[in-house]
Engineer: 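I have a structure I would like to understand better, so I am pasting it below and will then ask my questions one at a time.
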Amino acid sequence: MIVLLDSDTSGDQAVKSLRKGPNGKPVIDAKFILQLGELPTDALVSTRPGGVVAIEDLIPLPIGIAAVKRYAGEFLDPLESAKLGTLKPKDVSFEDCSGTHEALERAAKAKLEGFHLDKVGFARSVLDSVREDETLTGAAKVLDANFRVLFRELGRRQRQAMRQITTEKTSSKIKRIKRSFLLDHPTNASKEQGLLLLEDIEAALDNSVDAEALKSQIRTMRRDFELDEDTTEPISDFGAFRDALEALAYREVNEVQKR
């Protein structure tokens, strides 16, 4: 699981809650939380002077204005919609404003009292405007570039999360295999039984870089304990074999490097 949050007060509070959790235990690893303010500013173009805080800050102002007009045309009566038809970039001010959505809504309210810009409806109007308004081609390229940056960061976190899930599942399976073997063979085992054990462990692995480190350990055990020779014979130093088996662990390569 990954989480995307705004970088406003609510978003900051949500991050604190996720890190602390209801029982003092984090709900999610902090590295899988992305706040929009963490996006690389040099790769983004935002109308908001202070940079990106909310998702709407990734939307160029010309598209935002076009979306407000389209939204009005769909949800308001013709007379009210016509009032917002005159909305221009110069009408939008970010002074004392939390972000693009509020700035657009406030500018629209100045022309139509009581106007409310629903976020879901606005998002749909943004998509419709980009698809259907050819005058927004330049702004659409900026929008596309901004969201590519966002999706790249989300994708990186998602891949990390999937790797962690794989690591946890594989680690649990290997632990079960080792535990079962040691329960059946607490003091000794034949080389053939040791080989079967290592084959079972290797069968639980994928072809990732993370798995290759463990496969290398398995090859070392086969060589050090001469498991491929005289397979009916007992493992000569079962205590050392047991220690080597306990040391077998599947973990991410980055984690291994940290250690």
Side-chain angles (χ1 to χ4, degrees), residues 1-5 14-35 38 148-259:
M1 179 176 68
I2 58 175
V3 177
L4 175 65
L5 295 167
V15 170
K16 290 180 181 178
S17 298
L18 289 171
R19 288 178 175 174
K20 185 177 181 181
N23 300 313
K25 183 179 180 180
V27 176
I28 184 173
D29 193 315
K31 66 184 177 183
F32 300 136
I33 301 173
L34 173 63
Q35 284 189 273
E38 297 172 353
R148 283 181 185 274
V149 173
L150 172 61
F151 293 148
R152 184 180 67 222
E153 292 298 317
L154 288 174
R156 184 171 63 83
R157 284 165 174 78
Q158 185 177 43
R159 289 189 294 274
Q160 287 180 320
M162 292 304 297
R163 286 184 68 188
Q164 181 167 303
I165 290 172
T166 299
T167 298
E168 290 172 352
K169 287 182 177 179
T170 305
S171 295
S172 295
K173 186 171 184 178
I174 291 173
K175 287 178 182 178
R176 287 197 301 271
I177 293 172
K178 293 195 298 183
R179 184 167 57 248
S180 176
F181 176 84
L182 292 174
L183 284 173
D184 292 339
H185 308 281
T187 58
N188 61 75
S190 69
K191 292 181 179 181
E192 182 179 21
Q193 289 168 329
L195 274 175
L196 291 174
L197 164 68
L198 295 182
E199 287 176 2
D200 286 343
I201 292 175
E202 191 161 1
L205 303 177
D206 53 26
N207 295 317
S208 67
V209 175
D210 301 327
E212 188 55 41
L214 185 50
K215 290 178 182 179
S216 178
Q217 288 179 272
I218 290 173
R219 289 192 291 269
T220 299
M221 284 186 66
R222 292 180 68 149
R223 182 178 62 253
D224 290 350
F225 294 98
E226 301 177 340
L227 298 183
D228 294 292
E229 301 175 13
D230 299 321
T231 57
T232 59
E233 294 293 318
I235 297 172
S236 59
D237 188 348
F238 189 76
F241 179 84
R242 183 186 182 112
D243 291 341
L245 181 61
E246 293 286 5
L248 284 181
Y250 182 94
R251 61 174 72 94
E252 292 183 31
V253 169
N254 288 340
E255 184 64 23
V256 174
Q257 292 172 344
K258 288 177 186 177
R259 292 168 184 254

Engineer: Do Gln193 and Ile235 have side-chain heavy atoms sitting under 4.5 Å apart?
Structural biologist: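 A side-chain contact under 4.5 Å is absent here.
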Engineer: Output, in order, the C-alpha distance, side-chain angles, deciding distance and verdict of salt bridge (charged side-chain N to carboxylate O under 4.0 Å, His left out) for Arg219 and Glu212.
Structural biologist: CA-CA 10 Å; Arg219 289 192 291 269; Glu212 188 55 41; 3.0 Å; yes
Engineer: Working to the nearest 0.5 angstrom, can you tell me the gap between Ile177 CD1 and Glu199 CD?
Structural biologist: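 Atom-to-atom, Ile177:CD1 and Glu199:CD are 11.5 Å apart.
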Engineer: Taking side chain as C-beta onward, heavy atoms only, is Asp29 less than 4.5 Å from Gln164?
Structural biologist: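 In short, these two side chains touch, coming nearer than 4.5 Å.
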Engineer: Taking all atoms of both residues into account, what is the closest heavy-atom pair of Ala189 and Phe181, and its distance?
Structural biologist: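 In terms of heavy atoms, the two residues are closest at CB-CZ, 3.7 Å.
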Engineer: Tell me, do Leu197 and Leu245 make a side-chain contact under 4.5 Å, heavy atoms counted?
Structural biologist: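 Leu197 reaches Leu245 side chain to side chain.
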Engineer: Quick one: closest heavy-atom pair of Lys173 and Ala204, and the distance?
Structural biologist: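 Looking at all heavy atoms of both residues, the shortest contact is CD-CB, 3.8 Å.
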Engineer: For Phe241 and Phe225, take the angle between the two ring planes, folded into 0 to 90°, and tell me which bin it lands in: parallel under 30, tilted 30 to 60, perpendicular over 60.
Structural biologist: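 Phe241 vs Phe225 ring planes: perpendicular.
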Engineer: How about Lys178: does its NZ atom have over 12 heavy atoms from other parts shown lying under 6.0 Å from it?
Structural biologist: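 Correct, the count exceeds 12.
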Engineer: Within the structure provided, determine whether Leu214 and Thr170 are in side-chain contact (heavy-atom separation under 4.5 Å).
Structural biologist: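 No, every pair of side-chain atoms sits at 4.5 Å or beyond.
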Engineer: May I ask you to test the Arg152-Val149 pair for a side-chain heavy-atom distance under 4.5 Å?
Structural biologist: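 A side-chain contact under 4.5 Å exists here.
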Engineer: Please enumerate all residues that pass salt bridge (charged side-chain N to carboxylate O under 4.0 Å, His left out) together with Glu168, with sequence neighbours excluded.
Structural biologist: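 Once residues adjacent in sequence are excluded, Glu168 has no partner under the salt bridge (charged side-chain N to carboxylate O under 4.0 Å, His left out) criterion.
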Engineer: Using 0.5 Å steps for rounding, measure from the CG atom of Leu227 to the CG atom of Leu195.
Structural biologist: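 Answer rounded to 0.5 Å: 5.0 Å.
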Engineer: Would you check if the side chain of Lys215 reaches a backbone N or O of Glu202 as a donor-acceptor pair within less than 3.5 Å?
Structural biologist: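 No, because the side chain of Lys215 does not come within donor-acceptor range (under 3.5 Å) of the backbone of Glu202.
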Engineer: Taking side chain as C-beta onward, heavy atoms only, is Leu34 less than 4.5 Å from Ile2?
Structural biologist: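 They are not in side-chain contact.
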Engineer: For the CE atom of Met221 and the CD atom of Glu226, what is their distance to the nearest 0.5 Å?
Structural biologist: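 Met221 CE to Glu226 CD: 13.5 Å, rounded to 0.5 Å.
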Engineer: Return the minimal non-hydrogen interatomic distance between Leu5 and Ala14, and the atom names on each side.
Structural biologist: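 Minimum heavy-atom contact is CD1-CB, 3.9 Å.
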Engineer: Nearest 0.5 Å, please: how far is CG in Leu18 from NZ in Lys20?
Structural biologist: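 With rounding to 0.5 Å, NZ (Lys20) is 13.0 Å from CG (Leu18).
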Engineer: If I take atom CZ from residue Phe151 and atom CZ from residue Arg156, how far apart are they, to the nearest 0.5 angstrom?
Structural biologist: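 Going from the CZ atom of Phe151 to the CZ atom of Arg156 covers 16.0 Å.
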Engineer: Indicate yes or no for a side-chain donor-acceptor contact from Lys31 to the backbone of Gln160 under 3.5 Å, with no hydrogens or angles considered.
Structural biologist: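 Checking the backbone N and O of Gln160 against the side chain of Lys31, no donor-acceptor pair under 3.5 Å is found.
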Engineer: What do you reckon, is CZ of Arg148 surrounded by more than 12 foreign heavy atoms closer than 6.0 Å?
Structural biologist: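 Atom CZ in Arg148 is not crowded, with 12 or fewer foreign heavy atoms closer than 6.0 Å.
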Engineer: So, does Asp237 use its side chain to make a donor-acceptor pair with the main chain of Ala240 at under 3.5 Å?
Structural biologist: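 Yes, Asp237 side chain to Ala240 backbone: donor-acceptor pair under 3.5 Å.
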Engineer: Identify the heavy atoms of Lys191 and Glu229 that sit nearest to each other, and give their distance.
Structural biologist: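 That would be CD-O, 3.0 Å.
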Engineer: Main chain of Pro186, side chain of Arg242: is a donor-acceptor contact present, judged purely on distance under 3.5 Å?
Structural biologist: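 Yes; at least one donor-acceptor contact below 3.5 Å.
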Engineer: Which heavy atom in Ile201 sits nearest to a heavy atom in Leu205, and how many Å separate them?
Structural biologist: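 Answer, listing the atom of Ile201 first, then Leu205: O-CG, 3.5 Å.
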Engineer: At what distance, to the nearest 0.5 angstrom, does CG of Leu154 lie from CZ of Arg159?
Structural biologist: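 It is 10.5 Å, given to the nearest 0.5 Å.
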Engineer: What is the minimum heavy-atom distance between Arg19 and Ala30, and which atoms define it?
Structural biologist: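 Minimum heavy-atom contact is NE-CB, 3.7 Å.
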